[in-house]
Amino acid sequence: KFLNFSEQARAQIDPAHMVVALTEEARTVASGYKATVDMFRRFGKFVLLAFFTLHSNPEVWWVVVMIPILMALIGCCTEGSLVAADELLSKRETQMVSMVYESCYKFHLISSYWQRPRMNELFAFRTEAVRLARAKQMSISRHLNYWARWLNPVFICIFLSVASQRVLDGSLQLGVFLASLKVVSEISSDFVDLDEFLIN
């Protein structure tokens, strides 16, 4: 579509923005589509598991309710820092690509005025800025992934401590207990996987 724009409209768009949009942001859009499809698949699985759990063992309703609420609350609280880090990385990459594009486009001018060392310094500065922005983004992403990994074992331990006594006194059948334990594990691990996929 960009090629169909008028000459004046194309002149207003920085070529570096086009390069970043085609190389980086197109990949982001594709992974976002994949995440959306995966989210709907996991939501369907969650609905089926929740129906099974509430039908066979209604006492574990708290798992069906607490895991999505907890994931949504923590996701809402931490979203801003990751979005800011992503935007900073995108800005730094665009600045670096823009500098490289201008250096290539105006090479004869740079060479004629003996500015190659200056451009090398500028390129080193831009690449260092990209490296620092990427390191910050990866650090925030890792920190957000660590808490999610604890969610599955914590809910399994809580379920075991609550429901095991009912198995021992005979008020809950062993098969229902094991099936409910598997459902708790599946629900929490699915939400953890989804959270990690969305963060990355």
Side-chain angles (χ1 to χ4, degrees), residues 24-93 131-200:
E24 297 295 324
E25 293 172 4
R27 187 177 342 132
T28 303
V29 170
S31 65
Y33 173 75
K34 181 180 176 188
T36 303
V37 171
D38 193 46
M39 188 169 40
F40 279 116
R41 182 187 63 81
R42 289 179 191 269
F43 180 73
K45 182 179 175 183
F46 170 73
V47 168
L48 290 174
L49 290 175
F51 177 75
F52 168 77
T53 303
L54 294 176
H55 179 66
S56 63
N57 190 6
E59 288 81 21
V60 295
W61 64 268
W62 56 272
V63 173
V64 174
V65 172
M66 285 302 296
I67 292 176
I69 289 175
L70 187 62
M71 294 294 287
L73 283 175
I74 295 174
C76 289
C77 293
T78 58
E79 177 190 15
S81 59
L82 187 61
V83 168
D86 286 341
E87 287 176 357
L88 178 66
L89 178 60
S90 179
K91 180 181 175 184
R92 296 289 188 248
E93 286 175 340
R131 187 189 69 78
L132 292 174
R134 184 169 285 130
K136 181 179 180 180
Q137 183 222 26
M138 289 176 63
S139 173
I140 290 171
S141 177
R142 281 199 192 118
H143 283 64
L144 294 178
N145 281 338
Y146 285 138
W147 75 265
R149 291 182 186 170
W150 282 97
L151 192 65
N152 189 8
V154 165
F155 272 98
I156 289 174
C157 288
I158 292 172
F159 177 75
L160 284 173
S161 65
V162 169
S164 59
Q165 185 61 40
R166 293 184 53 226
V167 172
L168 295 175
D169 66 17
S171 62
L172 182 64
Q173 294 178 353
L174 182 61
V176 173
F177 170 75
L178 293 175
S180 299
L181 180 63
K182 180 66 176 170
V183 166
V184 169
S185 175
E186 285 288 320
I187 290 173
S188 57
S189 67
D190 276 352
F191 273 97
V192 168
D193 291 343
L194 181 62
D195 181 67
E196 288 181 359
F197 186 75
L198 291 175
I199 287 174
N200 294 326

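Just so it is clear, the model here is predicted, and its values are computed rather than measured. The residues of the chain are indexed from 1 along the displayed sequence.
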- Note on the structure: Sorted by chain and number, sequence neighbours left out, ring pair (Phe, Tyr, Trp, His ring centres under 6.0 Å) with F155 holds for none

- Query: Do S161 side-chain atoms and C157 backbone N/O form a donor-acceptor pair below 3.5 Å?
  - Reply: yes

- Item | Contacts of S185 that satisfy side-chain contact (heavy atoms from CB on, under 4.5 Å) - sequence neighbours left out | N152, I156

- Query: So do R134 and M138 actually touch side chain to side chain, heavy atoms under 4.5 Å?
  - Reply: yes

- Apply side chain to side chain donor-acceptor pair (under 3.5 Å) to T53 and list each qualifying residue two or more places apart in sequence or on a separate chain. none

- Task: Classify the ring geometry between H55 and F51 as parallel (under 30°), tilted (30 to 60°) or perpendicular (over 60°).
- Result: parallel

- Output the distance between atom CG (L82) and atom NE2 (H143), rounded to the nearest 0.5 Å. 12.5 Å

- Item | L89 versus Q137, closest heavy-atom pair with distance | CD2-OE1, 3.6 Å

- Message: List the residues meeting side chain to side chain donor-acceptor pair (under 3.5 Å) with D190, not counting sequence neighbours, and say none if there are none.
- Response: R42, K45

- Message: Between E87 and K91, does any NZ, NE, NH1 or NH2 come within less than 4.0 Å of an OD or OE carboxylate oxygen?
- Response: no

- Query: What pairs with F52 under side-chain contact (heavy atoms from CB on, under 4.5 Å), at least two apart in sequence or on another chain?
  - Reply: S56, A179, V183

- Sub-3.5 Å donor-acceptor pair from the side chain of S188 to the main-chain atoms of V184, do we have one? yes

- Message: By the salt bridge (charged side-chain N to carboxylate O under 4.0 Å, His left out) test, which pairs, at least two apart or in different chains, include something from residues 60-78?
- Response: none

- Item | Any I158 side-chain heavy atom under 4.5 Å of W62 side chain | yes

- Item | With L132 via side-chain contact (heavy atoms from CB on, under 4.5 Å) - residues at least two apart | E128

- Query: Tell me, which pairs form a ring-ring contact (aromatic ring centres under 6.0 Å, His included) where one or both residues lie in residues 70-89, sequence neighbours left out?
  - Reply: none

- Message: Test of understanding: with side-chain contact (heavy atoms from CB on, under 4.5 Å), list the residues that count as partners of V167, not counting sequence neighbours.
- Response: L172, L174, F177

- Note on the structure: For residues 165-175, the side-chain hydrogen bond (donor to acceptor under 3.5 Å, both in side chains) pairs (sequence neighbours left out) are E59-R166, D169-S171

